Structures are given as structure tokens and as C-alpha cells.
Number of protein chains: 4
Amino acid sequence: MPGVQVKKEEKRRAIIEAAEKLFAERGIEDVSTSDIAREARVGKGTIYVYFESKEKLLKAVASSVYSSFVKDVRESLKDSRNAEEFLDMMVERVFRNMKTRGKLLYTFHRHLKSSKKDYEGFQKDYRTALKEAYERYKEEIGATFEEFYFFTTSFFMSSYIMAGEFEPGRIKEIVKAGLKKLLS
Amino acid sequence: MPGVQVKKEEKRRAIIEAAEKLFAERGIEDVSTSDIAREARVGKGTIYVYFESKEKLLKAVASSVYSSFVKDVRESLKDSRNAEEFLDMMVERVFRNMKTRGKLLYTFHRHLKSSKKDYEGFQKDYRTALKEAYERYKEEIGATFEEFYFFTTSFFMSSYIMAGEFEPGRIKEIVKAGLKKLLS
Amino acid sequence: MPGVQVKKEEKRRAIIEAAEKLFAERGIEDVSTSDIAREARVGKGTIYVYFESKEKLLKAVASSVYSSFVKDVRESLKDSRNAEEFLDMMVERVFRNMKTRGKLLYTFHRHLKSSKKDYEGFQKDYRTALKEAYERYKEEIGATFEEFYFFTTSFFMSSYIMAGEFEPGRIKEIVKAGLKKLLS
Amino acid sequence: MPGVQVKKEEKRRAIIEAAEKLFAERGIEDVSTSDIAREARVGKGTIYVYFESKEKLLKAVASSVYSSFVKDVRESLKDSRNAEEFLDMMVERVFRNMKTRGKLLYTFHRHLKSSKKDYEGFQKDYRTALKEAYERYKEEIGATFEEFYFFTTSFFMSSYIMAGEFEPGRIKEIVKAGLKKLLS
DNA sequence: AATGAATGAGCGTTCATTCAT
DNA sequence: AATGAATGAACGCTCATTCAT
């Protein structure tokens with residue numbers, strides 16, 4: 001019965017989204033499973049129908065967030081015709097999702113350390129996506145892949161962390177200018 | 001009775017250092033006040049003689065860590081004779097303390113969000129120190145202060161976060177090369 | 001429609017048997033209704049079609065187990081021609097079913113305390129069956145019915161409880177010898 | 001400071017006694033740590049100051065119960081001058097403590113199966129005490145030690161289990177008469 | 001009749017904080 | 001000032017039970 005399946009998936013999605021929202025707002029440890037259940041408008045027990053544990057839910061959220069970053073990278077690569085366009089598009093996309101995704105990215109980074117294996121899986125996808133972009137535009141980029149990887153990732157992470165200290169929009173310009181200087 | 005005063009300060013110091021060590025090792029949520037008391041070789045109740053709450057202790061530790069960053073900046077400024085030397089020295093100093101300080105820096109960042117005011121106090125000191133350096137070497141630095149602030153801070157934070165993904169030492173070189181490109 | 005009736009009874013039976021098996025294996029508290037449903041190959045909700053609650057299911061299982069004891073007694077009585085033969089046969093039959101029945105018997109004992117009434121119903125059947133045997137062989141048995149009842153039941157219960165502390169088979173011999181001494 | 005120690009031990013004792021009482025009344029799984037705390041008039045957390053877990057508390061209670069059985073045996077041995085006196089005294093003592101101890105004995109028996117090691121430790125003490133008595137009065141006892149052990153233990157356990165089915169006092173007489181027949 | 005997704009009461013346990021000593 | 005025994009709110013999680021399909 002496909003209807004049921006959809007409903008099931010809807011609930012799973014609702015829980016992930018609620019968790020994502022709350023983790024972004026308050027960090028991981030400060031969000032209880034009850035909080036997530038309330039936000040998702042499901043019973044406390046329902047979370048455990050879909051996820052074995054809070055930790056597993058966390059991984060599902062992390063996976064979803066990392067995927068969105070990877071998507072940002074891949075789509076930028078698809079739509080761009082040169083390195084400059086690619087960087088520009090990627091920055092635009094990343095900043096569009098910055099508010100929730102960004103915070104989570106680094107929240108997870110810290111937390112997932114304990115279960116390195118999962119984290120490394122997510123990270124590898126992200127790294128692979130960046131690698132593809134690098135390979136395509138290698139000739140235009142005046143940097144090794146390691147540098148390319150560090151510079152872009154560093155700026156994206158920091159953008160979130162320091163978002164509050166800059167006027168809105170200003171930080172994006174700084175990142176764009178910085179990457180242009182670093183990578184051409 | 002000055003002796004007592006000294007002793008008092010010693011105990012306070014011991015608690016902060018114990019907390020700093022454990023927070024760096026295991027993150028904030030995974031360290032209980034009992035752990036800190038044990039590490040500091042004081043009674044559990046003693047912590048509350050010196051600090052109103054775990055949160056207040058956290059702030060004291062954070063303050064201590066931020067101060068050390070500020071010290072890194074100021075000393076580099078004092079010892080250097082031009083922008084390049086300054087950046088070089090600052091990177092060296094920051095990386096020397098990276099292992100514990102770095103981890104704490106970003107651990108606090110998330111945690112202190114709830115009490116923005118404290119965080120902003122720490123941050124202002126750091127920003128002021130960087131500002132002084134910027135003013136001194138302004139002419140040699142091809143960037144606005146905002147850029148200067150974002151680039152350096154971004155790289156320092158990310159260095160810790162991504163430390164595990166690079167060979168030891170490699171990340172410092174990348175940072176140095178990056179800052180040279182960005183700031184001259 | 002008798003076919004449906006049969007099917008219905010089959011499902012009821014399957015649930016009881018599944019519960020019996022699992023209770024014997026793991027005790028009552030360590031078996032969830034989900035476990036029983038899985039073992040019986042029915043849906044979780046189906047259990048509640050046939051039984052009002054886990055407690056009621058428990059009683060149904062208990063009833064089934066007690067019946068089997070009663071059956072052991074009655075069959076032994078039917079097949080025997082004197083007290084000695086009767087005791088011998090009863091012990092044989094009881095030990096044949098000891099592994100699952102025995103464990104359940106005393107598992108239930110504790111649990112059913114809360115609903116004394118049900119327990120007393122089961123027990124009365126068992127007592128009645130023993131009474132019949134006693135009446136038939138009264139003259140050969142050198143004990144009151146109370147003693148007869150206590151001695152036999154005591155040994156049967158304890159046999160299970162202490163099974164692990166004796167070599168297999170040894171306990172049966174001890175019971176036989178004991179009963180002979182006590183009852184002739 | 002011995003005063004503190006005494007107080008500490010008092011609280012530990014209070015918790016064990018509360019647990020003992022409730023376990024005897026309602027079995028192990030039906031008693032929550034909150035129930036025990038309430039009964040012992042301590043905070044819920046206090047239990048965990050003295051016992052690592054509910055399981056560990058359970059073992060402490062079991063140990064206390066088994067010890068009291070062992071004490072019953074040993075004291076009877078000390079005070080008696082022949083097998084008959086010994087059996088008589090032991091039965092008296094065991095029945096004196098029957099109400100709580102007896103129920104617990106078999107409640108634990110069931111539960112401790114999972115952590116056999118602990119259980120075997122307790123049981124060995126009990127068995128050893130009985131062995132000593134057996135050795136002293138061997139010549140008067142017309143049974144092997146295995147029989148002696150099974151008969152006495154069986155009757156003690158069953159006495160509790162079946163206590164409700166007999167008039168008060170009656171069961172003790174049956175046990176005495178039974179043991180006399182079995183062991184002389 | 002049969003199902004299993006959904007639920008929330010209640011579990012065992014932790015830990016920041018208090019307070020009598 | 002210094003302590004650690006004592007506490008209970010709050011946690012992650014389980015499971016008997018309900019109910020829409």
C-alpha cells in the first residue's frame with residue numbers, strides 16, 4: 001500500500017527535520033528526544049520506531065546535511081563553465097543553506113568524532129565532490145587540491161561560526177574575494 | 001593574611017586547569033563536576049565555593065583560553081618587525097597551542113552562544129589585539145581589517161577542526177601560504 | 001462457518017504456545033508482546049484480539065501448564081494398579097515435562113499472586129486430581145492427604161529449581177526414593 | 001569520623017531493608033528504584049551512591065538473605081547435640097524468618113540465574129553449612145548428603161511457596177515429620 | 001478479523017547542585 | 001573554607017496497549 005509508505009516516510013522526514021532544526025538552534029546535547037518529538041509533533045516513542053537511538057538519528061540528520069553540501073558542490077559543477085563561475089555558484093548555494101546547514105556541519109564535526117567511521121563516510125563524499133570540481137578546473141586553479149579543499153571548507157565553516165560578527169551579506173563577499181585571491 | 005589569599009587563588013587555578021584539561025580531552029558535556037573535582041584534587045563542593053555554577057566555571061576556562069590567544073597575538077606583534085614576520089610568528093604560536101586551545105575554542109563557541117554577552121567580551125579582546133596588529137602593518141596588508149580578521153580567524157579555527165584530515169605540519173604550511181596570498 | 005472457528009482457535013493456540021515457549025526460555029518479564037507475536041507469526045495487535053492483556057494471556061498459558069500437570073496425575077492414576085506404581089508413573093511423567101513445565105510452574109506462581117483467584121482455580125484442579133489418587137490408594141499410603149500433597153508437590157517444584165545443582169537423572173532417583181520413604 | 005561512617009552504614013542498611021521488603025512483597029521486576037527509595041525514605045539518587053545498579057543492590061539483598069539462612073544452619077548446628085535436635089532447631093529458625101526470607105530465596109533463585117557466578121557463591125556457602133551439619137551427624141542420618149541437601153532445601157523452599165494453602169503452623173509440622181521420616 | 005504504526009507512562013540511571021558538618 | 005553524602009529533575013529508552021486501516 002503505497003499510501004502508507006508515504007505516510008511512514010513523511011513521519012521519518014518530520015523527525016529528521018525537527019531534529020535538524022533543534023540541533024542547529026541549540027546543539028546536540030541540549031536537545032532531548034522529548035524536545036524532538038514535540039517539535040515533530042509525534043510521540044516520544046515514535047522516534048524509536050524510526051531510529052534505533054538518538055545517536056542513529058543524529059547520523060541520519062548529519063547524512064542529510066552533508067548530502068546537501070555535496071549537492072551544492074555537484075550542482076555548481078554541473079552549471080558552471082569555469083573555475084570562477086564554479087566558486088561563485090558554490091558560495092551562493094552554500095550561503096543559501098548556511099543558516100541551518102552550517103551550524104550543523106560543525107556541530108556534527110565535533111560530535112561525530114566519537115564514531116569516526118560514520119563521519120568519515122560523509123566527509124569522503126564531500127571531499128570526492130570537491131575533488132571532481134578540482135580535476136575539471138585544475139588548470140585554472142593556482143593551488144594544490146589539499147589547499148583548495150582546506151580553503152573552501154575553512155571559509156564555509158567559519159562563515160557560519162562568525163556569521164553574527166559581520167553584517168549580513170558582507171561575509172559572503174569576503175569569502176568570494178578570498179577564494180578568488182587564493183585560487184587563481 | 002596574604003598566604004591564605006594565595007592558597008585560595010591556587011585552588012581556583014587548579015580547578016580551572018583541571019577543567020581545561022578535561023574539556024579539551026572529552027568535550028564539555030562529557031565532563032562532570034565530579035570529574036573536575038577529582039582531577040583538581042579538591043572536593044566536589046569546593047568547586048561551588050569558587051564558581052557559582054558549571055556554566056560560570058566554563059566561562060572562566062573560556063576566558064583563560066581566549067586570553068592565551070590574545071597573548072599569542074600580542075607577543076607576535078611585539079616580536080615582529082613587519083607583516084610577514086607577524087603572521088609567521090602568530091601562526092607558529094597558535095599552532096603551538098592548537099592541540100588544547102583549538103579544541104576548546106570551538107567547543108566554547110557553540111556552548112557560550114546561550115550567553116552571548118560573555119562570548120562577546122572575550123571576542124572583543126581578541127579582535128582588539130588583531131586590530132592593533134592590523135593598524136601597525138596596515139600598509140603592508142592588502143586587505144581590509146574585516147578581511148584580515150576573517151581570514152586569520154577562519155584558518156585558525158579550521159586548522160583545529162580539520163587537523164585529523166591532514167598530515168601533521170602540512171596544515172600549518174597551507175595556512176601560512178594562504179595567509180601570504182591573501183594578505184600581501 | 002466452522003472453518004473460521006477452527007482457524008480462530010488455531011491462532012489462539014499458536015499465541016499460547018509461543019508465549020509458553022518464550023516464558024519458559026526467558027521468564028515472563030523478559031518476554032515482550034512483540035516477541036510473542038513474532039514467535040507466533042501473528043501481528044502485535046492480534047494478541048489483543050484474543051487476549052485482553054498480557055496478564056490474561058499469562059493466565060491462559062498458566063492454565064495450559066497446570067492442565068498438563070493434572071493430566072500427568074490423572075493418566076498415572078488410570079494406568080497404575082497400586083500406590084507405588086502410581087508414584088513411579090507420576091514422577092516419570094512429571095520429569096518428562098519438567099524442562100518447560102517446571103520452569104513455568106514456578107514462574108507463574110510468583111506472578112499470579114496478584115490475582116489469587118485465578119491461581120486458586122488452577123491449583124484446585126491439581127489438588128483434586130491428587131486427592132482422587134490419594135483416595136484410591138489411601139490404604140497403602142502412610143500419610144495424611146495434606147502430607148501427601150505437600151511432599152509430592154514440594155519435590156516436583158524443587159526438582160526444577162535445583163535441577164542445575166545435580167547430575168541429570170540423579171534428582172529423579174532422589175525424588176523417587178524420598179517419596180517411597182515418605183509415603184509407605 | 002566514626003559518626004559519619006555509622007550514618008553511612010545506616011543508610012545503606014535502610015536501602016537494603018527496603019528493597020528486601022518490597023522484593024518479598026512484589027517480586028523483583030515489579031519494584032522500581034523509585035519504590036525502593038520511597039520505602040527507604042531516601043532520594044532516588046541516593047541508591048546509586050551506595051549501589052552501582054539495581055542489579056548490584058539485588059545481589060546485596062540476596063547476599064543478606066542467603067547469609068541469614070546460613071546463620072540459621074550454623075546456629076542450629078552449634079546449639080544441637082544430635083541430628084534430631086539439629087533438624088528441629090533448623091526448621092524452627094527457618095520458619096521464624098520464612099515470611100520475608102523464604103519468598104526472596106526463590107525469587108532470587110530465578111533471577112540470579114542470569115548472573116550464575118554470584119548465585120553460586122551464595123549457594124556454596126549454604127551448601128557448605130549444610131555439609132558441616134551432615135558430617136557431624138552423618139551416622140544418625142539415613143541418607144546421602146545429596147539427599148539430605150535436596151530434602152531439606154526442597155521443604156524449605158516449598159514451605160514458602162505453599163504457605164498460603166495450609167493453616168498456619170501446620171506446614172511446619174508436616175516438614176518436621178517429613179524430615180524425620182526421610183533422615184532417620 | 002488482523003495488523004503494525006503510534007503512543008506515553010514509566011523505567012534505570014546520571015549529575016549539577018545543596019547543605020550539614 | 002572545604003567537604004562529600006544526599007538529592008530530584010531530567011535524560012534516553014522500552015513496551016503494553018490502542019486504533020485507523
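Residue numbering restarts at 1 for every chain, and letters A, B, ... go by the order of the sequence lines. In this text the structure is predicted, and so the values were computed from the model without any measurement.
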*Given the rule that a pair is Watson-Crick or G-U wobble with both distances under 3.5 Å, how would you write DNA chain F in dot-bracket, using | for pairs to a different strand?*
.||||||||||||||||||||
_Which residues share a side-chain hydrogen bond (donor to acceptor under 3.5 Å, both in side chains) with B:Gln123, sequence neighbours left out_ = A:Glu165
*Starting from C1' on E:dA1, measure out to CD1 on C:Ile15 and report it in whole angstrom.*
12 Å
*Short side-chain to backbone donor-acceptor contact, B:Thr46 and B:Val42, under 3.5 Å*: no
_First encountered from the 5' end of DNA chain F, between B:Gly43 and D:Val49_ = B:Gly43
*Rounding to a whole Å, what distance do you find between D:Glu29:CD and F:dT14:P?*
16 Å
*What integer distance in Å separates B:Glu9:CD from F:dA1:C1'?*
14 Å
*asked:* Using whole Å, what does the distance between atom P of nucleotide E:dG4 and atom CZ of C:Arg41 come to?
replied: 13 Å
*Relative to the 5' end of DNA chain F, which residue comes earlier, B:Ile47 or D:Ile47, by the nucleotide with the nearest heavy atom?*
B:Ile47
*Between A:Lys56 (NZ) and F:dG12 (P), how many Å, whole number?*
16 Å
*Step-by-step salt bridge (charged side-chain N to carboxylate O under 4.0 Å, His left out) determination, C:Arg13 to C:Glu17*: CA-CA 6 Å; C:Arg13 200 66 235 153; C:Glu17 270 161 27; 3.3 Å; yes
*Check for a donor-acceptor pair, side chain of D:Lys54 on one end and backbone N or O of D:Ile28 on the other, with a separation under 3.5 Å.*
yes
*Is the phosphate of E:dG12, meaning OP1 or OP2, less than 4.0 Å from a side-chain N or O of D:Lys54?*
yes
*Using atom CD of D:Glu55 as one end and atom P of E:dT13 as the other, report the distance to the nearest whole Å.*
9 Å
*Between C:Phe51 (CZ) and E:dA2 (P), how many Å, whole number?*
12 Å
_Rounded to whole Å, how long is the line connecting atom CG of C:Asp30 with atom C1' of F:dC15?_
13 Å
*Which of residues 31-39 of chain C sit near DNA chain F, with a heavy atom under 4.0 Å from it?*
C:Val31, C:Ser32, C:Thr33
*Check whether any side-chain nitrogen or oxygen of B:Lys11 sits under 4.0 Å from OP1 or OP2 of F:dA1, and answer yes or no.*
no
*asked:* Using the rule salt bridge (charged side-chain N to carboxylate O under 4.0 Å, His left out), only one of B:Lys21, B:Lys44, B:Arg26 pairs with B:Glu39; which is it?
replied: B:Lys21
*asked:* Under 4.0 Å from OP1 or OP2 of E:dA2: is there any side-chain N or O of C:Tyr50 that close?
replied: yes
_5'-most by nearest nucleotide on DNA chain E - C:Gly45 or D:Thr46_ = C:Gly45
*Given E:dT14, is OP1 or OP2 found less than 4.0 Å from the side-chain N or O atoms of D:Tyr48?*
no
_With rounding to the nearest 0.5 angstrom, report the CZ to OG1 distance, B:Phe51 to B:Thr33._
12.5 Å
*Of D:Ser53 and B:Lys44, the one whose closest DNA chain E nucleotide lies more 5'*: D:Ser53
*asked:* Working to the nearest 0.5 angstrom, can you tell me the gap between B:Glu9 CD and B:Tyr50 OH?
replied: 8.0 Å
*Look up atom CG in C:Asn97 and atom CG in C:Leu104, then write down how far apart they are to the nearest 0.5 Å.*
11.0 Å
*Between the side chain of C:Ser67 and the main-chain N/O of C:Ser63, is any donor-acceptor distance below 3.5 Å?*
yes
*Within the side chain of B:Asp35, is there an N or O that forms a donor-acceptor pair under 3.5 Å with the backbone of B:Ser32?*
yes
